J.: 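A single structure is presented below for examination.
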Amino acid sequence: MLDLKLLRQDAAAVAAALGKRGFAFDTKTFDALESRRKALQQETEALQNERNSKSKSIGKAKAAGQDIAPLLAEVSGLGDKLDNAKAEFERVQAELDAFLARVPNLPDRTVPEGLTEAENLELSRWGKLPDFNFTPKDHVDLGDDGRVDFEAAAKLSGARFVVLRGEIARLHRALTQFMLDVHTQEHGYTEVYVPYIVGAQALRGTGQLPKMEEDLFRVGFGEDGPAAFLIPTAEVPVTNLYRDRIIDEADLPIRHVAHTPCFRSEAGSYGRDTRGMIRQHQFDKVEIVQVVHPEHSWEALEALTGHAEAILKKLELPYRKVALCGGDLGFSSAKTYDLEVWLPGQDAYREISSCSNFLDFQARRMQARFRPQGGGKPDLVHTLNGSGLAVGRTLVAVMENYQDGDGSIHVPDVLRPYMGGQSVLVRS
RNA sequence: GGAGGGGUGGCUGAGUGGUCGAAAGCACUGGUCUUGAAAACCAGCGUAGGUAACCCCUACCGUGGGUUCAAAUCCCACCCCCUCCGCCA
């Protein structure tokens, strides 16, 4: 949610800034709703004032033993007038809220111009692309001995699911453990275990609702229970830990890491990435989240991105860092870096981490605030998060980059302690 | 699932339908005192909106309804927490 004051002061500037991401901000509708809201609010508050002060004088008169009948007559009819005014005010307020809930965050001025993925800006490359003296296979072929089994998963759950077996399943688990250990022991994150089912309020807080509802799996507690959803990312439960809370400034920054499955319906991506486990309805991710003082969020974004990069470096996976252009930015983000890992099987870089600074956009929706040291008014925190990393895609990257001509897969050095010391995984 | 108790400011916790946005304590801030600190004492101290700001006004005592001129207080529904019983990985 954007700052309402900013919108009132300079809706035109907001509209211009949102244009960078291809969002058409309807200044006319906003202005109309806002001036209507203002008039109605003043009207209802004046009526409330009248009722309150008259009620008080009734109380006083009664206490003084005076006849209150004339006062009661004065107040008759006021109630209905107030109810009508209030109902109208609430209707307009709700309309305004719904309008604002669909307005995305303002892109930072350093965000590259552009409306499509193609205009993202490459910032750096790391690592040497593997030089095979054979034609590299992709992870689907490398795992087709039954260790990566899409058919078994399809039988259980349909398309876009996978069953992993044996050493590949263990490698997947090893990657998760490794990532959690690095972030907790080297980067100062506190591990949290969180629910995988959340209510609508949490999803509104981080900005997945109302716009992204089609991409969520809805579950329920009974037929007419409250709406509940499978989490599309750990960002939702972890960031919302701070919803409606006032944190002591001394407790900032807060850094959390969580490993969770993520569930996405992938509505609208039919036909994309249908081969392999790049785009699944269910995948595991290790997510890092920071809640910081508003003055420090930009440096926190650089640090957090570095923490995600550190995993790729330790795994010796070649990658590049990209700044998303305005049009490719997520709804809540002011600026996002994507890390894209090299996949020999696709002969391409593919997204494996997305690191964003949301400034106070999520904090305002969530009412996540901090109390300044030495007292004073609570102020909104800034929130950030990044994948550190997407586990399924990392598994794909390890398989494809560490493959041998005979289809065996070498285990990256840093993972060996997690694999019982094993150094090569051979086809069965 | 059954029985009972409870949800009030950053925290603890009082509150008889009528100056109750709410006692008291803790925490915090400023001051007096002190070489300095602590203690003691004095004062201040909820959030948001009308609004850029003061005054002023409005809303907020788990959530949503209702009764009333007037609701933290009475009524209804729901949510959550605690204790006990039952069931259970």
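Computed from a prediction, not measured in an experiment: that's the story for all the values here.
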J.: Quickly work out the A/Leu380 CG to B/U47 C1' distance and round it to whole Å.
T.: 12 Å

J.: Using Watson-Crick or G-U wobble geometry with both distances under 3.5 Å, which nucleotide pairs with B/U68?
T.: none

J.: Taking the six-membered ring where the residue is Trp, are the ring centres of A/His382 and A/Phe361 under 6.0 Å apart?
T.: no

J.: Report yes or no: is there a donor-acceptor pair, N or O only, under 3.5 Å between the side chain of A/Lys62 and the base of B/G18?
T.: yes

J.: Quick one: on RNA chain B, does A/Thr44 or A/Glu34 contact a more 5' nucleotide (nearest heavy atom)?
T.: A/Glu34

J.: Can you tell me if the side-chain N/O atoms of A/Arg371 get under 4.0 Å from OP1 or OP2 in B/U47?
T.: yes

J.: Using the six-membered ring of A/Tyr337, assess whether NZ or CZ of A/Lys321 lies under 6.0 Å from its centre and within 45 degrees of the ring axis.
T.: yes

J.: Atom CD of A/Glu50 to atom P of B/A70: distance rounded to whole Å?
T.: 13 Å

J.: I need the NZ-C1' distance between A/Lys5 and B/A48, as an integer number of Å.
T.: 10 Å

J.: Could you walk me through whether A/Asn357 and A/Ser297 pass the side chain to side chain donor-acceptor pair (under 3.5 Å) check?
T.: CA-CA 7 Å; A/Asn357 185 2; A/Ser297 62; 3.1 Å; yes

J.: Would you say the side-chain atoms of A/Thr305 and A/Glu302 include a donor-acceptor pair closer than 3.5 Å?
T.: no

J.: Need the pair for B/A89. Rule: Watson-Crick or G-U wobble, both distances under 3.5 Å, any strand; none if unpaired.
T.: none

J.: Take A/Gln367 and A/Ile58, find for each the nucleotide of RNA chain B with the closest heavy atom, and name the residue whose nucleotide sits nearer the 5' end.
T.: A/Gln367

J.: Could you state the atom-to-atom distance from CG of A/Leu82 to P of B/G66 in whole Å?
T.: 13 Å

J.: Rounded to the nearest angstrom, tell me the gap between atom CG in A/Asp83 and atom C1' in B/C69.
T.: 13 Å

J.: Contact class for A/Arg369 (heavy atom, under 4.0 Å): base, sugar-phosphate, or nothing?
T.: sugar-phosphate

J.: Flag the pair A/His410 / A/Tyr402 as yes when their ring centroid distance falls below 6.0 Å, and as no otherwise.
T.: no

J.: Does a nitrogen or oxygen in the side chain of A/Asn49 sit under 4.0 Å from OP1 or OP2 of B/C57?
T.: no

J.: Tell me the interatomic distance from A/Glu90, atom CD, to B/G50, atom C1', rounded to whole angstroms.
T.: 16 Å

J.: To the nearest Å, how far apart are A/Arg364 CZ and B/U47 P?
T.: 17 Å

J.: Expressed as a whole number of angstroms, how long is the span from A/Lys86:NZ to B/G64:P?
T.: 12 Å

J.: Tell me whether the OP1 or OP2 atom of B/A59 has a side-chain N or O from A/Arg51 closer than 4.0 Å.
T.: yes

J.: When you check the phosphate oxygens OP1 and OP2 of B/C57, does a side-chain N or O of A/Asn52 lie under 4.0 Å from one of them?
T.: no

J.: Name the pairing partner of B/U12, where a pair is Watson-Crick or G-U wobble with both distances under 3.5 Å, or state none.
T.: B/A24

J.: Closer than 4.0 Å, any side-chain N/O of A/Arg37 to the OP1 or OP2 of B/G49?
T.: no

